Participant: 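There's a structure below that I have some questions on.
If you're wondering where the values come from, they're calculated on a predicted model, not measured in any experiment. Numbers for residues simply follow the sequence, beginning at 1. Whatever order the structure lists ligands and atoms in, that order sets their numbers, starting from 1.
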Amino acid sequence: MTERRVIVDTDTAGDDSQALVMAALSERIEIEAVTVAAGNVGFDDEVRNAKYSLQLADSADVPVYEGARSPLLKDHETAEYVHGEGGLGGDLDPEVDIPSADGFAPDAIVELAREHPGELTLVCIAPLTNVALALQREPALGDLLDSVWVMGGNVNCLGNVTPAAEYNFWVDPDAAKLVVRELDVTLVDWGLVVRDSTFGTETLDRIADAADESRFADFFTSIAASVRAFNREQFGEDVTTQPDSVVSALLVDPSLVEREGTYHVDVDEREGLTRGYTLVDELGVTDGDRNTRVVESIDEDGFRRLFLDTVVHGEPERSLE
Ligand code: RIB
Ligand code: CA
């Protein structure tokens, strides 16, 4: 299988860290660079978390570029209430002695795309500020990339930060609006994540039981503590979802996609009740470009197996031929 070369744009906290570990351990993915955007927790914590995750997966050589420390226009709101203080579950607060790469992340995205035209996949698992800034620098960015994958939005379903909106699109709706308009994106939305990537106590216990043998299982179990507590308190359910790892998993094994559709998508950038709302024209009643490929269903068992192979065995492709 040919390797897929990626740039990962991340607001590294719990679930981002697992997506980075999966991509770093995968024999099918080569991480060219990681770029950090304002999102889940304090920016310097996100940068530390990205470096820590890469180092844990023996990929400390991957350059980490620092990007936008706030959304394009909106005031920034972090989500420590989900990810814990520092973003790694609350207890983990590791020191990491790895310098960031020189240069501003949006510039790095553009320069790498120009250096390797048509070869790089941009994996967006954060608010889309860096990607919007890269587009402003290089309007032809879409022609210079192989593909663009985005975790964000909520396709005609309940959001996770307001009823109308999912966090990545809510934090920087101006950036999200620009990105889905200017780039042909493959979208992994919150609805798919809840339907097909939710782990209950059986799976979570299986990972916890492997913590003594696997540093990855130990890491996941630590970071999952805060999101499990949040879900127990908010919804009465002891579960975790794996939003960003769904994107990594689909890049490792595209056959996990069971159903998809291509639609016109727009984002409400206005302040107010519907800030960050994702309009997905499944009815075909608008005349907007149908340029967003929405992943609507994935093989839930296959995803879980790939995730377990990653965190328990350190081998994402262990069960794949
Ligand atoms: O809504 C989930 C998304 O917002 C994930 O990418 C999570 O890491 C946060 O960035
Ligand atoms: Ca994220």
Participant: Side chain, backbone, both or neither: which part of Asn160 has a heavy atom under 4.0 Å from ligand 1?
Facilitator: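 Side chain only; the backbone of Asn160 stays clear of ligand 1.
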
Participant: Ion pair present between Asp146 and Arg5, side-chain N to carboxylate O less than 4.0 angstrom?
Facilitator: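 Between Arg5 and Asp146 there is no salt bridge, as every charged N stays at least 4.0 Å from the carboxylate O atoms.
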
Participant: How about Arg206: does its CZ atom have over 12 heavy atoms from other parts shown lying under 6.0 Å from it?
Facilitator: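 No.
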
Participant: Can any side-chain N or O of Thr240 pair as donor or acceptor with the backbone N or O of Arg228 at less than 3.5 Å?
Facilitator: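 Absent.
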
Participant: Show which atoms of ligand 1 fall inside a sub-4.0 Å distance from at least one heavy-atom site of Asp16.
Facilitator: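 Those atoms are 8 (O).
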
Participant: Can you name the atoms of ligand 1, numbered from 1 with element, that are less than 4.0 Å from a heavy atom of Asp15?
Facilitator: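 Here the atoms of ligand 1 in question are 5 (C), 6 (O), 7 (C), 8 (O).
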
Participant: Is there a polar contact, in the sense of an N or O pair closer than 3.5 Å, between Asp244 and ligand 1?
Facilitator: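 Yes, at least one N or O pair falls under 3.5 Å.
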
Participant: Is Lys177 salt-bridged to Asp266, going by a charged N under 4.0 Å from an acidic O?
Facilitator: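 Yes, this pair counts.
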
Participant: Report, rounded to 10°, the angle at the Ca ion (ligand 2) between the two atoms O (Ile125) and OD1 (Asp16).
Facilitator: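 My answer is 130°, to the nearest 10°.
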
Participant: Write out the residue and atom name of the closest protein heavy atom to atom 9 (C) of ligand 1, then the distance separating them to 0.1 Å.
Facilitator: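 Protein heavy atom with the smallest distance to atom 9 (C) of ligand 1: Asn40 OD1, 3.2 Å.
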
Participant: Answer whether the closest heavy-atom distance between the side chains of Asp11 and Tyr167 falls below 4.5 Å.
Facilitator: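 The answer is yes; the side chains approach within 4.5 Å.
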
Participant: If you measure from the Lys or Arg side-chain nitrogens to the Asp or Glu carboxylate oxygens, is any gap between Arg259 and Asp196 under 4.0 Å?
Facilitator: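 Answer for the salt bridge query: no.
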
Participant: Assess the residue pair Leu25 and Phe216 against the criterion (side chain to side chain contact (heavy atoms under 4.5 Å, CB included)); give the C-alpha distance rounded to whole Å, side-chain angles, the decisive distance to 0.1 Å, and a yes or no.
Facilitator: CA-CA 11 Å; Leu25 291 174; Phe216 308 115; 3.8 Å; yes

Participant: Can you tell me the protein heavy atom closest to atom 4 (O) of ligand 1 and the distance?
Facilitator: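 Sorting protein heavy atoms by distance from atom 4 (O) of ligand 1 puts Asn168 OD1, 3.2 Å first.
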
Participant: Does an N or O anywhere in Pro243 fall below 3.5 Å from an N or O of ligand 1?
Facilitator: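 No; every N/O pair is 3.5 Å or more apart.
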
Participant: Among the N/O/S atoms of Asp11, select the one at the shortest distance from the Ca ion (ligand 2) and name it.
Facilitator: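 Looking at Asp11, the N, O or S atom with the least distance to the Ca ion (ligand 2) is OD1.
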
Participant: Just distances here: any N/O of Trp190 and N/O of ligand 1 closer than 3.5 Å?
Facilitator: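 Such a contact does not occur with ligand 1.
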
Participant: Are the side chains of Asp184 and Val148 in touch, meaning some heavy atoms are under 4.5 Å apart?
Facilitator: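 Not in contact.
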
Participant: I need the single residue from Val8, Ile109, Val64 that forms a side chain to side chain contact (heavy atoms under 4.5 Å, CB included) with Thr35. Which is it?
Facilitator: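 Filter result, single survivor: Ile109.
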
Participant: Which ligand 1 atoms does Met151 reach within 4.0 Å, using its non-hydrogen atoms?
Facilitator: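 Here the atoms of ligand 1 in question are 2 (C), 3 (C), 5 (C), 6 (O).
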
Participant: Backbone or side chain, does Asp244 get an N/O/S atom under 3.0 Å to the Ca ion (ligand 2)?
Facilitator: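 Yes - counting backbone and side chain alike, Asp244 has an N, O or S atom under 3.0 Å.
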
Participant: To check your reading of the model: name the closest protein heavy atom to atom 1 (O) of ligand 1, its residue, and the distance in Å.
Facilitator: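 Of the protein heavy atoms, Glu166 OE2, 2.6 Å lies nearest.
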
